[in-house]
Amino acid sequence: MSRSSGKARHNPLPFIGKQISIQIQMRALSVFSFGLLIFQPAVFSTVGYMLARMAGKPAPDLIYVIIGGGIMGMWSSMVFTSFFDINNDRRHGTLELIVGSPTSLTTVLAVRTFANILTGMVSMLLSFVVVIFLFKFTIPLRNHPYIIVSLLVLFFGFWSIGVFLAHFRVASRVTGQFINYLELPVAILAAFMFPFEYLPRWITWLSNSIPLRWGVTGLNASFQQKLVLSNLWQDWATSIGVSFIYLFVTYFLSKKVHDMIRVTGELSSV
Amino acid sequence: MKKNFLGNIRLYLASAWYSYRALYAWQSFGPYISVKIAFPLAQMLLFIFMGRLAGMADPLYIVIGNILLLPSTNGVMGVSMTINGERDFRTLPYLIASPAPRAPLFLGRSLVHIIDGLLSTLMALILGVVFFHVDLTRSNLPLTVLCILLLSVTSCGMGLILGSLSLRTREAWTITSMVVMLFYILSGVNFPVAVLPQSLQLISYSLPLTRGIQAARLAMNGANWSTINSLFMGELLTGLIYIGIGYLMFMWFEKLSLVDGQIETV
């Protein structure tokens with residue numbers, strides 16, 4: 001008999017693949033996803049379009065109004081689907097099984113959040129389709145790689161903040177409810193649908209602590225005809241840096257949440 | 001008949017009381033009020049900034065529109081949530097099986113949402129005055145209050161229509177949320193209805209809220225009854241038609257669900 005090593009080897013890839021596949025299947029034919037990913041961003045963009053029409057402009061600011069609507073869709077989708085995932089786990093009694101399983105809670109939440117943002121990308125892609133095909137907006141070839149990098153940076157920002165927030169949802173159902181109310185405040189603080197400069201100065205410190213604010217600024221900058229690369233690099237670097245801070249805090253938070261719900265046994269009661 | 005009437009009133013109030021105890025009584029004051037402040041403020045700010053991007057110099061139109069939308073959204077969502085909530089908590093079949101009259105049963109449950117909506121409106125008005133300099137000194141206050149009350153009642157019809165979908169589909173709540181979002185475009189909240197294309201204006205005027213919001217705006221600008229009475233009565237009539245349609249839809253779907261046994265399957 002061979003001596004077994006202290007820890008069983010665990011290949012996370014099948015779990016990650018299966019979890020992503022389940023999450024995407026759950027979203028694929030759901031009216032709820034349609035509402036979050038397509039309908040809601042379309043409504044916000046239409047309001048922006050009508051406001052521009054009222055002001056006598058022939059077309060709205062496509063980057064903020066349409067692409068911004070896509071970012072809004074990604075954000076709303078992440079906030080609400082992640083919330084309902086945990087909520088459903090509570091309701092169906094599977095949250096205890098997840099917390100009790102050898103796969104860490106953080107891993108489960110991280111993969112789920114990743115999948116939810118991946119489905120949220122539908123919203124973003126649709127906004128690109130609308131901008132390019134409906135409004136005939138031309139993006140210079142030179143900008144394409146910068147836009148792709150900006151999208152990846154933004155994705156990473158979404159993921160880091162999503163994993164961070166998901167732990168609060170597990171910790172307490174009341175906190176989870178409050179996170180729902182973050183939808184619009186974060187959309188404002190990160191200036192998804194208007195220039196960041198509109199925000200009053202006194203609030204910008206709060207905006208700056210959200211990776212999405214830098215990610216969105218970077219994405220908007222990468223669409224401009226005259227690219228200012230130094231600013232772009234700065235936005236990317238800050239977004240990634242702030243995202244890592246969130247992940248770092250999440251690392252400690254996850255232990256705290258894990259211990260709290262196991263020690264107090266309040267997983268389903270609070 | 002008198003006994004029947006008193007029985008309905010008792011059922012209406014009892015339903016309202018249970019709804020309050022289930023949904024609101026456990027909430028503590030601080031978090032409840034902070035949500036009441038945060039949500040309308042955030043909604044107003046988002047549209048104000050979007051308006052500024054479009055070139056709107058004065059944000060008051062958007063601020064007032066969003067304040068007036070609050071009693072309506074609570075009316076629509078409250079009534080719809082009342083029916084949908086029963087489905088969610090698996091109690092809908094018991095209610096359907098009971099001989100209790102439907103109108104006091106469900107409308108009573110939605111009463112707390114309407115009161116909650118009025119409280120939200122009051123909070124939003126205070127925010128509007130403090131942060132956005134909404135001037136209420138020129139307004140016809142009693143008429144404004146009457147219009148706000150009217151909006152919270154007329155919106156219940158749409159809530160009843162959407163809520164009755166809960167008897168046939170589990171997506172009723174999602175559909176309700178989507179319809180409420182459409183009010184941002186169709187009911188003259190963020191921009192006048194006249195900005196919309198002709199076909200959408202037609203839809204807009206066939207909905208409750210549009211005339212009510214216009215009447216409330218005028219009352220807030222100091223208009224008297226003779227100026228707004230056609231809008232007011234139009235809103236009342238539209239609301240009553242929607243309440244009637246909602247009630248008939250509920251009865252029809254209930255009958256259909258009892259025949260095919262599909263209250264909770266789809």
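Below, each value reflects all heavy atoms present in this structure, side chains not excepted, and no hydrogens, waters or symmetry copies.
Under a 3.5 Å cut-off, the side chain of S257(B) and the backbone N or O of L167(B) do form a donor-acceptor pair.
For a residue to count as touching a neighbouring chain, one of its non-hydrogen atoms must lie under 4.5 Å from one of that chain's; by this rule F44(A) touches chain B with backbone and side chain alike. At a 4.5 Å heavy-atom cutoff, the contact between L196(B) and chain A is made by backbone and side-chain atoms alike. For a residue to count as touching a neighbouring chain, one of its non-hydrogen atoms must lie under 4.5 Å from one of that chain's; by this rule P185(A) touches chain B with backbone and side chain alike. Both the backbone and the side chain of Y198(A) come within less than 4.5 Å of a heavy atom in chain B.
Counting only residues at least two apart or on different chains, the ring-ring contact (aromatic ring centres under 6.0 Å, His included) pairs with a member in residues 168-205 of chain B are F47(B)-Y184(B).
By number of non-hydrogen pairs under 4.5 angstrom with chain B, the leading residue of F32(A), Y64(A), F194(A) is F194(A). Ranked by heavy-atom pairs shorter than 4.5 Å toward chain A, the options L53(B), L41(B), T174(B), L45(B) are led by L53(B). No other option in A54(B), G55(B), P192(B) has as many heavy-atom pairs under 4.5 Å with chain A as A54(B).
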| query | What do the steps show when you test S222(A) against N143(A) for side-chain hydrogen bond (donor to acceptor under 3.5 Å, both in side chains), and what is the final call? | reply | CA-CA 6 Å; S222(A) 60; N143(A) 292 43; over 6 Å; no
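Atom CD1 of I139(A) sits about 6.0 Å away from atom CZ of F128(A), to the nearest 0.5 Å.
F158(A) and F192(A) have tilted rings, their planes meeting at an angle from 30° to 60° on a 0 to 90° scale.
When side chains are defined from C-beta on, L162(B) does not count as touching V180(B), because their heavy atoms never get closer than 4.5 Å.
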